[in-house]
Q: 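Shown below is the structure under consideration.
Hydrogens, waters and symmetry mates are skipped; everything else that's a heavy atom, side chains included, is used. Just so it is clear, the structure is predicted and the values come from calculations on it, not from any experiment.
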Amino acid sequence: MAETAETSSDVVLKVAGVSKRFGGLQALSEVGITIRRGQIYGLIGPNGAGKTTFFNVITGLYTPDAGSFSLAGQTYEPTAVHLVAKTGIARTFQNIRLFAEMTALENVMVGRHIRTHSGLFGAVFRTPGFKREEAEIRARAQELLDYVGIGKYAEFKARTLSYGDQRRLEIARALATDPQLIALDEPAAGMNATEKVQLRELIDRIRNDNRTILLIEHDVKLVMGLCDRVTVLDYGKQIAEGTPAEVQKNEKVIEAYLGTGGH
């Protein structure tokens, strides 16, 4: 039976049967998720559950052993991070990866360059087209810094920003790629209570601007308060999927994760 527009055209990410082994360790075993446009989709589980491995597979950092992958209805092969980024998936990292000696503005401009058209010739000879595009990139980068709330730090080196602001800078750089899906890897890690509130407001704002978000996060309260749907992994296997309310009542989840002090 053919898929209806409701079940197909609004699907941003659909992956199925994702498996990954490291030597004798089966890190992922036939994991699959479907994320619809405008959703915040959470991925949770105890340490070692396979969350980061799954993230790294779908974003091209790890090559999967098996699985099918599609973004906005188009099949893609997660073979390299930069190729997946061009396809339309942008990510942040659990351990912040910024260019420490570059300014905040320059960091975001780096992300934006994935969508440039001038090429090497234009860059070397600084053609009018290149100069125009570079000015547009700079303006867009400033807009994104303003959007995430750190516009006044545009000319500050990334290493001088507070921890929370560095997290915001990573998100701005990811948004600069104009992604179909933004994947956030534990964005609240290391944040204090005030920074978490600000982060939640930012993620809500991003979603309300019709963006789609995949979120890995250890803070279960944050996930349950933000996400439309949640998948739970344990030992590389998918043990639950549903709304936050459904997942919280799932006995396997309570035993594997929530019951271990995660809430």
Q: Is any side-chain heavy atom of Leu43 closer than 4.5 Å to a side-chain heavy atom of Val223?
A: no
Q: What I'd like to find out is whether the side chain of His218 reaches to under 4.5 Å of the side chain of Asn47, using heavy atoms alone.
A: yes
Q: Return yes if some donor-acceptor pair links the side-chain N/O of Gln94 with the main-chain N/O of Asp185 below 3.5 Å, else return no.
A: no
Q: Please list, chain by chain and in numerical order, all residues satisfying side-chain hydrogen bond (donor to acceptor under 3.5 Å, both in side chains) with Arg167, sequence neighbours excluded.
A: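 So Arg167 forms a side-chain hydrogen bond (donor to acceptor under 3.5 Å, both in side chains) with Tyr163.
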Q: Find out whether Leu13 and Ile89 are in side-chain contact, i.e. whether some heavy atom of one side chain is under 4.5 Å from a heavy atom of the other.
A: yes
Q: Do you know which of Arg36, Arg37, Gln39 makes side-chain hydrogen bond (donor to acceptor under 3.5 Å, both in side chains) with Asp10?
A: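 Between Asp10 and the candidates, side-chain hydrogen bond (donor to acceptor under 3.5 Å, both in side chains) is satisfied uniquely by Arg36.
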Q: Would you mind reporting whether Ile171 and Leu199 have side-chain heavy atoms less than 4.5 Å apart?
A: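 In short, these two side chains touch, coming nearer than 4.5 Å.
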Q: Do any N or O atoms from the side chain of Glu195 and from the backbone of Asn192 form a donor-acceptor pair under 3.5 angstrom?
A: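 Yes.
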Q: For the backbone of Arg21 and the side chain of Asp65, can you confirm whether one donor and one acceptor N or O come within less than 3.5 Å of each other?
A: yes
Q: Just checking, Lys20 and Phe22: is the charged tip under 6.0 Å from the six-membered ring centre and within 45° of the axis?
A: yes
Q: If we only count heavy atoms from C-beta on, is the Phe69 to Val18 side-chain gap below 4.5 Å?
A: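 Yes, their side chains come closer than 4.5 Å.
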Q: Using side-chain heavy atoms (C-beta onward) and a distance below 4.5 Å, is Gln238 in contact with Ile33?
A: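 Answer yes - side chains close enough.
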Q: Please check if atom OH in Tyr235 has more than 12 non-hydrogen atoms from other residues, nucleotides or ligands closer than 6.0 Å.
A: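 It does not: Tyr235 OH has 12 such atoms or fewer within range.
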Q: Calculate, to the nearest 0.5 Å, the distance between atoms CD and CG belonging to Glu241 and Asn250 respectively.
A: 11.0 Å
Q: Can you tell me how far OG1 of Thr52 sits from CD1 of Ile216, rounded to the nearest 0.5 angstrom?
A: 4.5 Å
Q: Test your reading of the model: is there a side-chain donor-acceptor pair from Arg91 to the backbone of Val81, 3.5 Å cut-off?
A: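 Checked: no pair found.
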Q: Judged by atom type as modelled, is there a donor-acceptor pair below 3.5 Å linking the side chain of Arg168 to the main-chain atoms of Val148?
A: yes
Q: Between Phe156 and Asp165, is any pair of side-chain heavy atoms under 4.5 Å apart?
A: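 Phe156 does not reach Asp165 side chain to side chain.
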Q: Is there a side-chain contact between Thr243 and Arg229, using heavy atoms and a 4.5 Å cut-off?
A: yes
Q: Atom CD1 in Ile44, atom CD in Glu217: separation rounded to 0.5 Å?
A: 10.5 Å
Q: How about CD on Gln74, more than 12 heavy atoms from neighbouring residues, nucleotides or ligands closer than 6.0 Å, or not?
A: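 12 or below, so no.
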Q: Test your reading of the model: is there a side-chain donor-acceptor pair from Lys252 to the backbone of Ala240, 3.5 Å cut-off?
A: no
Q: For Glu30, does its backbone N or O pair with a side-chain atom of Ser19 as donor and acceptor, under 3.5 Å?
A: yes
Q: Taking only residues two or more places apart in sequence, or in another chain, which ones meet Arg207 in a salt bridge (Lys or Arg N to Asp or Glu O under 4.0 Å)?
A: Asp204, Asp228
